[in-house]
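Labels below follow one simple rule: chain letters A, B, ... track the order of the sequence lines, proteins then strands, and each chain is numbered from 1.
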There are 2 protein chains.
Amino acid sequence: MKNRRLCVLGSTGSIGVNALSVAEHLGMSVHAISAHNNHQLLVEQTLRYNVKRVVVTNEDHYQTVKQALAGHAVEVFAGHKHLDDIAADDDVDTVLTAIVGAIGLQSTLAACRAGKRICIANKEPLVIAGRLVMETAQKHNAQVIPVDSEHSAIWQCIEQHKNHEIRDIYLTGSGGPLRGRTDLTDIKKEDALQHPNWSMGDKITIDSATLMNKGLELIEAHHLFNMSSDHIKVIIHPESIIHSMVAYKDGSVIAQLGLPDMRTPIQYALTWPEHKNGLVETPNFIELGSLNFEDVNHDLFPSIQLARQSLELGDFGPCALNAANEIAVDQYLKDQIAFQDIFKCIESTLPLVTQNHNASIQDIINFDTEMRQRLQS
Amino acid sequence: MKNRRLCVLGSTGSIGVNALSVAEHLGMSVHAISAHNNHQLLVEQTLRYNVKRVVVTNEDHYQTVKQALAGHAVEVFAGHKHLDDIAADDDVDTVLTAIVGAIGLQSTLAACRAGKRICIANKEPLVIAGRLVMETAQKHNAQVIPVDSEHSAIWQCIEQHKNHEIRDIYLTGSGGPLRGRTDLTDIKKEDALQHPNWSMGDKITIDSATLMNKGLELIEAHHLFNMSSDHIKVIIHPESIIHSMVAYKDGSVIAQLGLPDMRTPIQYALTWPEHKNGLVETPNFIELGSLNFEDVNHDLFPSIQLARQSLELGDFGPCALNAANEIAVDQYLKDQIAFQDIFKCIESTLPLVTQNHNASIQDIINFDTEMRQRLQS
């Protein structure tokens with residue numbers, strides 16, 4: 001493996017911080033990083049990892065960052081448009097996208113067009129424009145390698161195997177903070193925000209409570225692995241040790257397991273196809289004692305079915321699902337709606353979508369903007 | 001994948017019968033088969049699968065088979081020496097070795113020297129002469145692909161990965177008929193012969209009760225995957241769904257799972273590197289509910305430790321272990337010794353072994369013969 005030069009988009013979030021520590025462990029040089037608000041950590045990271053180019057997407061912090069880095073051999077840029085530059089930089093061969101939200105789409109595409117290895121942790125580009133991202137990557141010989149633990153697992157379970165050898169993909173999920181509930185009326189925010197295994201942001205934890213995280217992951221898996229959604233099954237596995245499984249047509253199932261620690265999938269995305277010495281222990285199977293499985297209660301948690309429906313609607317379906325979910329979760333977190341209203345919001349949004357299987361990036365961005373305006377009002 | 005032409009050594013045993021049904025399912029032609037005693041089934045198989053060359057190793061049955069096949073375009077041979085001919089036959093590219101016992105060593109080596117794909121279900125050649133089998137295969141570009149469910153699992157979990165990427169191999173075992181026992185005095189033969197998950201012969205079921213099957217598999221895994229025995233861990237998994245696991249150095253663990261049905265590993269050995277449509281269902285994880293793990297009680301069941309010790313003794317160690325075990329199990333099945341005497345017999349045999357790391361095949365065969373004579377008397 002050649003020594004990779006890394007660009008981390010969104011370096012101050014949880015994935016970004018882990019990515020930089022893994023890169024340091026691997027002795028990989030970090031050429032460029034970006035952050036939005038956490039300018040203090042951005043400056044610290046720049047100095048610690050000897051970064052050459054820095055983008056602060058929130059322009060309000062530009063002067064602070066610029067001044068803090070004065071006298072160092074670092075170029076500092078302000079604003080989202082510069083993400084595309086560092087993602088396509090000739091001095092970079094690997095781009096880890098850890099931005100949250102659809103705002104990461106353009107830079108993901110820029111990295112695709114520049115033929116980079118893209119270690120993709122930014123869900124939204126795949127959710128709202130998965131077909132276009134994968135087509136662009138293929139056209140420019142870019143590698144799209146998943147960082148999400150479930151998709152990294154599937155990636156590892158497939159390795160050199162071909163799509164036509166696969167019977168089903170089993171996407172596992174912990175079941176989230178509300179696993180086992182039989183009634184979702186009056187779910188308190190503090191209960192919905194208590195994730196048993198993973199420590200994540202509020203939006204993602206609510207997605208885990210509604211199981212919409214699995215719905216979004218199903219959409220991502222559909223695009224990443226070119227797999228029809230009816231061959232992607234979701235299964236509840238409370239311990240979060242089996243990160244996903246692939247069942248082959250001969251009855252053989254390959255699973256990837258590990259402690260719930262994002263450094264493992266981050267590192268494999270960086271070092272693929274090689275497993276290098278890492279920072280994470282092997283699970284102690286004897287101490288674990290057992291790994292459990294449960295079915296999803298689709299009646300109570302309709303998110304996965306909604307995600308399947310959205311895929312049937314073509315290019316705009318998942319974009320509408322994602323927009324409606326983001327807005328509803330935001331409203332729930334602001335105590336404006338009840339927990340179950342998140343599902344209702346999405347259910348009432350999907351019928352607004354018209355079938356389209358040939359949308360351009362601009363079509364999707366326009367649709368996303370219009371849909372959000374419509375939903376907000 | 002080219003259409004493989006198969007030779008099945010030991011076609012009338014459980015593995016052989018399954019191998020022929022898998023070959024038929026795959027549309028693979030069966031050029032040659034062999035059997036020892038079950039001449040009736042041998043004849044049936046010859047006609048059903050349109051086999052061209054047949055070896056009956058028990059010469060007493062030669063005339064019966066010859067007569068039954070008179071008028072058909074089949075060559076019939078008698079005696080073990082002809083196994084080497086059909087294993088090295090130019091019209092064969094894949095040899096599945098399902099003979100039981102050390103008697104399969106010569107034909108396994110013949111297939112290696114002829115550069116065949118060897119789907120190896122015959123344990124003893126790897127146990128008593130693993131180093132030599134693997135060296136011979138490598139020298140002649142033969143592929144040695146395991147059929148045993150555990151080793152097929154490890155093979156599948158490794159695929160294109162390199163030995164140096166592996167942290168540990170986890171060989172799983174059901175725990176056998178005596179799992180959970182805390183006292184092995186007065187173990188009745190009928191209890192030791194009750195295997196919970198797999199239906200196998202008496203010798204192998206007793207090996208499963210003593211956990212010597214895991215000891216022998218550890219030796220096989222050491223040779224097949226060129227892995228130091230202290231990086232091969234044995235773990236009890238009562239459901240026999242996870243067939244084995246490989247832990248990589250980055251904390252990632254790959255497991256192979258499936259129903260306990262030998263047709264899956266047989267088929268994968270034949271079709272590797274491709275998973276083709278097979279006859280076996282995917283496990284129903286929801287119905288299973290949980291997969292459990294327990295530690296081995298090494299004090300009560302010293303077989304795995306004895307296998308490790310035997311490997312430290314070099315080329316003759318596993319051969320002595322295997323001979324002592326075979327003789328002791330035979331005596332136990334004949335009610336001549338108690339269950340725990342099986343361990344005692346092996347424990348008292350290993351100190352008789354002198355270190356040797358450069359034995360020839362003939363040295364090993366001579367050692368095996370002498371050791372058996374010594375143990376019988």
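One finds the OH atom of Tyr248(B) at 14.0 Å from the CD atom of Gln267(A) (value rounded to the nearest 0.5 Å). Atom CG of Asn292(B) is separated from atom CG of Leu291(A) by 8.0 Å, given to the nearest 0.5 angstrom. Atoms SG and CD, from Cys157(B) and Gln256(A) in turn, are 11.0 Å apart once rounded to the nearest 0.5 Å. For the atom pair CD1 (Ile235(A)) and CD1 (Ile286(B)), the distance works out to 4.0 Å, reported to the nearest 0.5 Å. The structure places OG of Ser252(A) at 5.0 Å from NE2 of His275(B), a figure rounded to the nearest 0.5 Å.
Nearest heavy atom pair, residue Phe293(A) against residue Phe285(B), reads CB-O, 3.5 Å. Of all the heavy atoms in Asp250(B) and Thr264(A), the pair that sits closest is O-OG1, 3.3 Å.
No more than 12 heavy atoms of other residues, nucleotides or ligands lie within 6.0 Å of CD in Gln138(B), so this atom counts as exposed by the packing criterion. The number of heavy atoms from other shown groups lying within 6.0 Å of CD (Glu281(A)) does not exceed 12.
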Let's go through Gln160(B) and Gln160(A) carefully: what are the C-alpha distance in whole Å and the side-chain angles of both, what is the deciding distance for side chain to side chain contact (heavy atoms under 4.5 Å, CB included) to 0.1 Å, and is it a yes or a no? CA-CA 8 Å; Gln160(B) 86 278 33; Gln160(A) 86 278 34; 3.7 Å; yes
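Neither the backbone nor the side chain of His237(B) comes within contact range of chain A; no heavy atoms are under 4.5 Å apart.
The choice from Gly251(B), Ala255(B), Pro273(B) that makes the most heavy-atom pairs within less than 4.5 Å of chain A is Ala255(B). The candidate from Glu287(A), Gln156(A), Glu165(A) with the greatest count of non-hydrogen atom pairs under 4.5 Å with chain B is Glu165(A). The most heavy-atom pairs under 4.5 Å with chain A, out of Lys162(B), Arg263(B), Met245(B), come from Met245(B).
Residues of residues 294-305 of chain A lying under 4.5 angstrom from chain B, judged on non-hydrogen atoms, are Glu294(A), Asp295(A) in numerical order.
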